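The next block holds one structure in the form of structure tokens; read it before the comments.
Within every chain, numbering begins at 1; the chains are lettered A, B, ... in the order of the sequence lines, protein sequences first and strands thereafter. None of these values were measured; they are calculated from a predicted model.
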Amino acid sequence: MATDIEEHLAVFRRGVVDLIDEQELRAKLALGRPLRIKFGMDPSSPDLHVGHAIPLMKLRALQDLGHQIVLIVGSSTAMVGDPTGRNKLRPQLTREQVEINLATYIDQAGKVLDMERTEVHRNSDWFDKLDFGGLLALCGRTTVARMLERDTFDQRMKAGEAVGMHELLYPLLQGWDSVEIRADVELGGTDQLFNLLFGRTLQEQEGQSPQVCFTTPLINGSDGRKMSKSYGNAIAVTEEPKEMFGKIMRIPDEVMGQWFELLTDASPAQIEALLAGHPNEAKHELARRIVGYFHSPQIGQRESEAFIAQFRDKQLPDDIPDVVFDGEWSADGLPLPVLLRGVGLAQSSSDARRLIEQGAVRLDGEVVSDPKHLLVPPAAPLLIQVGKRRFARVSAKA
RNA sequence: GGGCGGAUACCCAAGCGGCCAACGGGGGCAGACUGUAAAUCUGCUGGCAUAGCCUUCGCAGGUUCGAAUCCUGCUCCGCCCA
């Protein structure tokens, strides 16, 4: 590998928050061999969102430069549960669940990373062999004070919340992974910095050259808060194109620049030009690119056009699902809330009732705001719209 | 082992015998305005074929005409003492 150090450095640096430290990285690159770049995967939440894709895209770029990506499956650490960013104890996972989640993960991460060229290890491979004495020895490598430096522990304790004894082990285990696989570099989210740095300590104790650590930002979700499935603001990498496009269009303008930088390959100059134009145009371009990446450029283009047609030109979407209501239409008519719930346009009939009362429901284009509205079986499929985005053509059971 | 405090809906957090399906905030949903952005205003936010009924306030019992509120036991968490 003929290393152009500056070129590689530029790839390492793009969009990263921490890089500890650049001189060390330079020296490692100067060795002229592929670097072993470690990335830890938490098998507790298998569904990836685009925020997870950021480090993966970084890895892919490095992979394409010839570096060796080493994916560590936290099969043992998952049983501990990463305390990072948590204000509660996490449930511990079983081995079976870990394997199921891993399979899903590999499948989804494979959209970004070339899994054929990726080394995968389960850290249970080595931690299962660790006996009690070994565990004690490992614990003896650090101090309680050092572990308690972490913000998350500190905050939780101050807030009177529980911190499990086993959680203190987490950084230790993650750090030991670096020793086991002789990592040259480790990548993680900014919230992982403490864990990443801890690997350096252990590697040094073991006489290894400490890994370079670098972090990618945690991206904000469609509501501007940190993207997380539990906030309901995440965009899954498996999201259907239309949904994905729509969700990207709903991100706050302020985060567009960040999204371009982290989730597209647009050059800094292109990004600057796009952001200088009309925000709506820029966001369209962003959505087109991201959908294009996770699906295909053709699909990205198609969704872009569909989006304009539906929301600017107020046309009906071209893919309204046909739904058959399989309940009974009683003689005196079917109450609208029951139908909405029955065809999945509302979560419950109470929910449906509220939507109707708020004027969110249209039948064949006409707002119906009476929750007692009764329906007879339609001769032709009935077009129902709920809110701005939910559509269905409903027909009666044959 | 002892003492004290806590557990409320998606999250935070009031309530401390009836007026409680439970204040307030966040989030979410819907409407207006827009660029399906933000900001702003408004309404809603347990379920039910809904003027009514049913299930919720850690779990299980009890007291009472009536309990999220009182009592007993249990589980979990925190703090202090050992």
P gap between B/C44 and B/U64, integer Å: 40 Å
Sorted by number, the residues of residues 313-324 of chain A with heavy-atom contact under 4.0 Å to RNA chain B: none
Rounded interatomic separation in angstrom, taking CG from A/L340 and C1' from B/C48: 15 Å
Sugar-phosphate only, base, or nothing, as touched by A/G333 at under 4.0 Å among non-hydrogen atoms: base
ILVMFWY cluster membership beyond A/F132 - transitive side-chain contacts under 4.5 angstrom: A/L136
Stretch residues 358-368 of chain A: residues that reach within less than 4.0 Å of RNA chain B through a heavy atom: A/Q358, A/G359, A/A360
With A/H121 via side-chain hydrogen bond (donor to acceptor under 3.5 Å, both in side chains) - residues at least two apart: A/E119
Sequence neighbours left out, cut at 3.5 Å: what donor-acceptor pairs do the side chains of residues 357-366 of chain A make with other protein atoms?
{"from": "A/Q358", "atom 1": "NE2", "to": "A/R354", "atom 2": "O", "distance (Å)": "3.4"}
{"from": "A/R362", "atom 1": "NH1", "to": "A/G365", "atom 2": "O", "distance (Å)": "3.1"}
{"from": "A/D364", "atom 1": "OD1", "to": "A/L383", "atom 2": "N", "distance (Å)": "3.0"}

Integer-rounded Å distance: B/A21 C1' and A/R354 CZ: 11 Å
N/O donor-acceptor pair, side chain A/S349 with base B/U50, under 3.5 angstrom: yes
A/R353 vs B/G46: side-chain N/O to OP1/OP2 distance below 4.0 Å: no
A/R341 vs B/A49: side-chain N/O to OP1/OP2 distance below 4.0 Å: yes
Below 4.0 Å: OP1/OP2 of B/A49 and any side-chain N or O of A/S330: no
B/U34 phosphate, OP1 or OP2, under 4.0 Å from A/R312 side-chain N/O: no
Between B/A14 and B/G6 - P atom distance, rounded Å: 11 Å
N/O (side chain, A/R390) to phosphate O (OP1/OP2, B/A30) under 4.0 Å: yes
Sugar-phosphate only, base, or nothing, as touched by A/G387 at under 4.0 Å among non-hydrogen atoms: sugar-phosphate
Under 4.0 angstrom between A/K388 side-chain N/O and B/G31 OP1 or OP2: yes
Touch class at under 4.0 angstrom, heavy-atom based, for A/S350 against every strand present: base
Results of salt bridge (Lys or Arg N to Asp or Glu O under 4.0 Å) for A/R60 - residues two or more places apart only: A/D64
Spacing of A/I356 atom CD1 relative to B/U45 atom P, expressed in whole Å: 15 Å
Option passing salt bridge (charged side-chain N to carboxylate O under 4.0 Å, His left out) with A/E303 (candidates A/R288, A/K242, A/K247): A/K242
